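Shown next, in structure tokens, is the structure this report addresses.
What you see is a predicted model; the values in this text were computed from it and never measured.
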Amino acid sequence: MVKHFIGNILLSSNMAELQISNQSGKIIEAVKRSLTEVDLRKSKQKFSPDLVQRTLEQLQRFNQLLRDYGVIEVYLFGTERLSRIVNAVYLVDQIESETGLRLKWLNANQESYYRQIAMRANGDNINDMLAQNVFVMGMTSDRLDLGYYEAQQFRFNQHSAIGPIRLAQTINQLAVETVDQMAFTNEYISSKMADFWHMLPEHQKSETLIIQGSEMLQKILLSDQASSTFLNQQHLDTLLHDFNLMSDQAVSDRYHIEVSQVPFALTEMLLVEHVRQAIGAKQIYIVRLNVLDGIVANLSRHQNGEKDIMTAARGISDRYLVEQQHRDVVLDFAWQLFDRLKRVHRLENRDRLLLGVAALVHDVGSFINSQRHYQYSEEILKGIDFYGLSTTEQRMIAAIARYHSAEVPDSNLQEVQEFSPVQRIRIAKLSALLRLADALDDSRRQKITKLSISLKDQNIVVVASSEQDLQLEILVFNQKARFFESVFGRAVKLKQRRQHFS
């Protein structure tokens with residue numbers, strides 16, 4: 001039997017990583033290569049010809065290793081920070097031309113999602129922590145993510161655009177003449193994080209803060225062989241004291257980091273301390289897990305990734321005070337329609353997830369105005385970061401919400417021209433399914449107790465069991481069915497089966 005291996009490559013602004021795994025996610029080979037030393041003082045960077053060449057050469061080496069293992073299924077990802085480099089679009093073209101690999105950009109929400117997938121797949125130590133109430137803090141250069149777990153169940157994830165490098169760059173510009181830079185930094189962090197804490201959902205007290213992506217703390221505290229360590233309050237206080245009072249050269253000598261990295265390390269530690277104090281955690285656990293670890297772990301499909309995405313979407317719905325009973329029954333009807341009409345729609349499992357997310361958030365526009373709420377839903381959802389979804393998927397959710405009610409895209413799908421033809425068809429199909437599911441509870445009274453769906457010739461019959469009168473639902477369903485019939489080329493009707501309870 002021929003072994004089937006999968007290759008996953010992640011490119012960041014200063015690193016190229018490859019992991020070869022089997023289909024269950026077991027790592028067969030892992031390689032990490034530095035591409036360049038990033039100058040943290042620069043807020044904008046550009047790929048030099050030399051860096052482009054080094055990147056291409058490293059990818060060719062990866063390709064050779066993949067061929068040695070007989071790997072034909074290969075995926076190449078790029079981080080959001082990499083995508084923001086001025087001439088990144090040219091790098092993508094050159095990579096495909098020279099290596100045949102097509103790069104897929106990850107947004108920051110996906111990176112956070114994969115880091116947490118990696119954490120949950122990491123073993124008993126972290127799973128034991130997650131059995132309690134735990135916060136998970138993820139950091140990139142310009143973003144902070146805070147996830148929360150109760151009894152190993154994901155509850156929410158919230159982010160702030162206040163990553164340690166961006167924060168240090170801003171403070172460096174503002175605090176040129178300040179005497180006590182540490183006090184200034186603490187006050188600045190508190191001011192920028194005030195709204196973040198105000199909007200944080202309800203949670204229980206947490207004893208532990210798990211930290212991912214903390215580059216400076218990893219350099220200072222973890223050896224090359226170590227994958228994790230605990231940091232207690234006394235040790236963190238010592239680090240803050242040394243970094244604040246010692247000269248940059250003395251800190252560099254003691255903690256083995258570059259002199260230019262000292263102010264960024266101090267800012268990162270102050271940010272960690274701010275979060276620790278805010279949630280009241282007594283211990284900090286630092287793990288060396290990254291996005292690629294999560295991408296590979298996700299292959300096994302043993303994680304609760306899709307469930308977490310739905311939980312986060314439900315949190316968005318709650319934030320905008322969407323009526324819960326209507327939302328939940330629409331979700332149930334939408335998934336029943338999807339599952340029983342697979343021969344008709346020919347969509348994939350990922351589309352089922354997108355339909356579920358759209359069902360949870362389609363009414364957020366009512367928070368602004370119930371009239372033409374579908375338009376407000378689209379506007380709100382375009383500005384929301386969905387945990388675990390790609391940027392394109394996020395825009396698709398907004399478009400599906402727009403067309404769940406009264407409006408429909410025209411026959412040429414002109415209103416969704418920003419999407420590819422394939423994506424436009426997916427939006428139309430998912431919108432058509434959501435319209436029917438929404439119509440089945442148009443009264444907002446959850447009258448229907450059971451659905452049965454049958455295909456007869458080219459017609460679809462939906463039978464709704466209810467002891468109550470369904471005249472409104474049947475009328476609205478038949479109106480909304482016109483778009484479904486246009487998309488799928490099949491007539492669909494709603495009929496009632498009377499239930500009588502003694």
Side-chain angles (χ1 to χ4, degrees), residues 12-15 34-46 79-82 84-86 108 137-146 159-194 196 209 211-224 229 231-278 284 286 288 290:
S12 63
S13 55
N14 65 332
M15 192 75 65
S34 177
L35 297 174
T36 182
E37 285 297 325
V38 178
D39 188 346
L40 299 178
R41 293 165 294 185
K42 294 182 179 180
S43 58
K44 290 186 178 180
Q45 291 185 303
K46 188 175 181 179
T79 63
E80 181 173 282
R81 186 182 180 198
L82 181 72
R84 291 180 179 175
I85 292 179
V86 177
M137 178 180 173
M139 285 189 287
T140 61
S141 60
D142 54 3
R143 172 169 162 142
L144 178 153
D145 284 273
L146 198 62
H159 78 271
S160 172
I162 191 174
I165 293 180
R166 175 184 288 183
L167 182 63
Q169 289 168 341
T170 302
I171 290 171
N172 184 57
Q173 295 169 359
L174 294 175
V176 175
E177 298 181 1
T178 58
V179 176
D180 191 343
Q181 188 158 341
M182 185 168 174
F184 177 85
T185 302
N186 274 323
E187 187 171 2
Y188 186 82
I189 291 173
S190 295
S191 69
K192 296 304 176 185
M193 292 289 288
F196 178 88
L209 172 64
I211 299 180
Q212 301 171 292
S214 176
E215 293 185 14
M216 293 295 104
L217 285 176
Q218 287 180 22
K219 283 186 177 182
I220 294 167
L221 299 174
L222 294 180
S223 66
D224 292 340
T229 189
L231 175 65
N232 60 34
Q233 184 60 51
Q234 182 179 359
H235 194 175
L236 180 57
D237 287 343
T238 299
L239 288 172
L240 288 169
H241 177 272
D242 289 351
F243 274 73
N244 184 44
L245 297 181
M246 294 170 61
S247 70
D248 288 357
Q249 185 60 58
V251 169
S252 173
D253 293 340
R254 175 174 292 185
Y255 293 104
H256 310 292
I257 61 174
E258 298 294 328
V259 173
S260 62
Q261 294 177 329
V262 173
F264 298 96
L266 175 59
T267 303
E268 186 175 284
M269 285 185 279
L270 289 172
L271 190 55
V272 168
E273 174 61 6
H274 175 87
V275 173
R276 187 204 65 78
Q277 288 184 6
I284 296 170
I286 300 170
R288 197 201 302 274
N290 61 23

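Between the OG atom of S247 and the CG atom of D253 there is a distance of 7.5 Å, given to the nearest 0.5 Å. Here L271 contributes atom CG and I162 contributes atom CD1; the two are 6.0 Å apart, rounded to the nearest 0.5 Å. A distance of 12.0 Å separates OG1 of T140 from CD of Q212, quoted to the nearest 0.5 Å. Put simply, OH on Y255 and CE on M246 are 6.5 Å apart, with the number rounded to the nearest 0.5 Å. In this structure, CD1 in I171 is found 13.0 Å from CZ in R166, a value given to the nearest 0.5 Å. Interatomic distance, T267 OG1 to M182 CE, rounded to the nearest 0.5 Å: 10.5 Å.
In plain terms, the two heavy atoms of L221 and L239 that are nearest each other are CD2-CD1, 4.3 Å. Annotation for D248 and P263: closest pair OD2-CD, 4.4 Å, computed over non-hydrogen atoms. Shown here for S252 and V262, the closest heavy-atom pair between the two residues is N-CG2, 4.4 Å. Nearest heavy atom pair, residue L82 against residue S12, reads CD1-O, 3.7 Å. Of all heavy-atom pairs spanning M139 and V272, the tightest one is CE-CG2, 3.9 Å. S214 and L217 make their closest contact through OG-CB, 3.1 Å (heavy atoms, listed as atom of the first residue, atom of the second, distance).
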**Study point:** Stepwise side-chain contact (heavy atoms from CB on, under 4.5 Å) test for D237 and H241
**Key:** CA-CA 6 Å; D237 287 343; H241 177 272; over 6 Å; no
Practice item. List the steps, then state whether side-chain contact (heavy atoms from CB on, under 4.5 Å) holds for H274 with N186. Key: CA-CA 8 Å; H274 175 87; N186 274 323; 5.7 Å; no
Exercise for review: Begin from the C-alpha positions of R84 and E80 and carry the test salt bridge (Lys or Arg N to Asp or Glu O under 4.0 Å) through to its verdict.
Suggested key: CA-CA 7 Å; R84 291 180 179 175; E80 181 173 282; 2.7 Å; yes
Check your understanding: side-chain contact (heavy atoms from CB on, under 4.5 Å) between V275 and L144: does it pass, once the steps are laid out?
Key -> CA-CA 10 Å; V275 173; L144 178 153; 3.9 Å; yes
Review point. After noting the C-alpha distance and the side-chain angles of M137 and R276, does the key distance pass the side-chain contact (heavy atoms from CB on, under 4.5 Å) rule?
Key: CA-CA 10 Å; M137 178 180 173; R276 187 204 65 78; over 6 Å; no
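Counting only distance, with no hydrogens or angles, the side chain of Q218 and the backbone of R288 share no donor-acceptor pair below 3.5 Å.
By the 6.0 Å contact criterion, CD on Q277 is enclosed, its count of non-hydrogen atoms from other residues, nucleotides or ligands being greater than 12.
When side chains are defined from C-beta on, M216 does not count as touching M269, because their heavy atoms never get closer than 4.5 Å. A heavy-atom distance below 4.5 Å is not found between the side chains of S160 and K192.
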